[in-house]
Amino acid sequence: MFQMISVKCNNCSGELTIDIHGELSCPYCGSKTFFSDSEIGEYKTLRRNILNHLRALNDINANTDESNRVWDYKELVTFETTSGTPVNVRYTFYTEEPGVKTYVTKDTIVQVFDKEHKYYINQMSAGIRSLEYPSAAIKDLSKCFPTVKSRLPLKDGGELIAISKPENAIPLFAYGNLRPKHVAWIVSRMENFCCIFEYSGIYHGGISIDNVYINPRTHEGFLFGGWWNNGIQSSECKNNIDLKSIRLVADKLLGAYKKDAPELFKQFITSEPKSNAYDDFQMWDGVIVKGFGGHNFTKFETD
């Protein structure tokens, strides 16, 4: 099922990168393995179905689609609240990191924190409350960050929160490798996030393919996970942690297609971030103009 897209390394437990040929490699310890023929067949079929669906979304409504079949693939997990009420979550995508399990449904992201890490929720809430926006950006960018719908204490001592999500927002890890023209606009959205963080005086600390979501029809990006890693910027801890993460995400998304990227894009990925997000965005804008021929809307396409 969909969980196979996110695979952990047997050697160091790092998240493995999956390329379009079925090779799984660990960016941390260098270990490599391969899907079996049946596994890579299932993975490619899933990826093709997702990409075909997302391509179709370019010609229909941005946020709803009655013909959306991606969300027909579900698994069920059940939690029990402290009052004994069962909470059934029918999810399509799943990922986890220490202390937090994330279940992605059609219109909701459910994050479950174990009892040792439920303090993350308060840290997450504080970071979101710290966000400030230039007046012109409020309408477009405030919806890119989490809005908590509910918060439930669980019988095992953990806690569950539910976050609103547009139907057509899908986590990056579901896509496998993407061509440079698609990764480019995703980088632009992540640079936008970092400019908001710079303006707000915070860093996010958790930008990754698990936590960034995109709507390919509208070229919108969303940062729904990893907020428990946020903190206040200082001279010792500037926004560079997020700007470095942008480069890591871009490199992982390109995968086997990196060879097709403009040279300026490759240089950007390996470059040291600028000292602040505004200057880094300006540098990235130069890559768009000189490397990709300008700001041209690129229709999302399958291979």
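For the numbers below, each heavy atom of this structure counts, side chains included, while hydrogens, waters and symmetry mates do not. Given the structure is predicted, the values throughout are model-derived calculations rather than measurements.
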Looking only at atom types and distance, does a side-chain atom of [X] sit under 3.5 Å from a main-chain N or O of [Y], one as donor and one as acceptor?
X: R247; Y: T270; answer: no
X: N211; Y: G206; answer: yes
X: N229; Y: G226; answer: yes

Drop me the distance from [X]'s [atom1] to [Y]'s [atom2], to the nearest 0.5 angstrom.
X: F173; Y: D210; atom1: CZ; atom2: CG; answer: 6.0 Å
X: W284; Y: K274; atom1: CH2; atom2: NZ; answer: 14.5 Å
X: I109; Y: Y91; atom1: CD1; atom2: OH; answer: 15.0 Å
X: E191; Y: I288; atom1: CD; atom2: CD1; answer: 10.0 Å
X: S271; Y: M283; atom1: OG; atom2: CE; answer: 4.0 Å
X: N215; Y: K165; atom1: CG; atom2: NZ; answer: 9.0 Å

Hydrophobic clustering (ILVMFWY, side-chain heavy atoms < 4.5 Å, transitive) - are [Y] and [X] grouped together?
X: I202; Y: Y119; result: yes
X: F145; Y: F224; result: yes
X: F265; Y: F281; result: no

Closest contact, heavy atoms only, [X] versus [Y]:
X: P146; Y: M124; answer: CB-CE, 4.1 Å
X: K101; Y: Y103; answer: CD-OH, 3.7 Å
X: F197; Y: Q233; answer: O-NE2, 3.8 Å
X: C144; Y: F193; answer: CB-CE2, 3.9 Å
X: I246; Y: C194; answer: CD1-SG, 3.7 Å
X: L264; Y: K290; answer: CD1-CB, 3.5 Å

F93 and Y213 aromatic centres sub-6.0 Å: no

With respect to V112, which candidate in V100, L154, V77, L152 satisfies the side-chain contact (heavy atoms from CB on, under 4.5 Å) definition? L154

Is K115 paired with D156 through a side-chain N to carboxylate O contact shorter than 4.0 Å? no

If you count every heavy atom of other residues, nucleotides or ligands that lies below 6.0 Å from R151 atom CZ, does the total exceed 12?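 Yes, because the 6.0 Å sphere around CZ of R151 holds more than 12 heavy atoms from other groups.
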
Side chains of F292 and V287 in contact at under 4.5 Å (non-hydrogen atoms):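 The answer is yes; the side chains approach within 4.5 Å.
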
Go through the side-chain N and O atoms of E97 and W228 and say whether any donor and acceptor fall under 3.5 Å apart.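 A donor-acceptor contact under 3.5 Å links the two side chains.
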
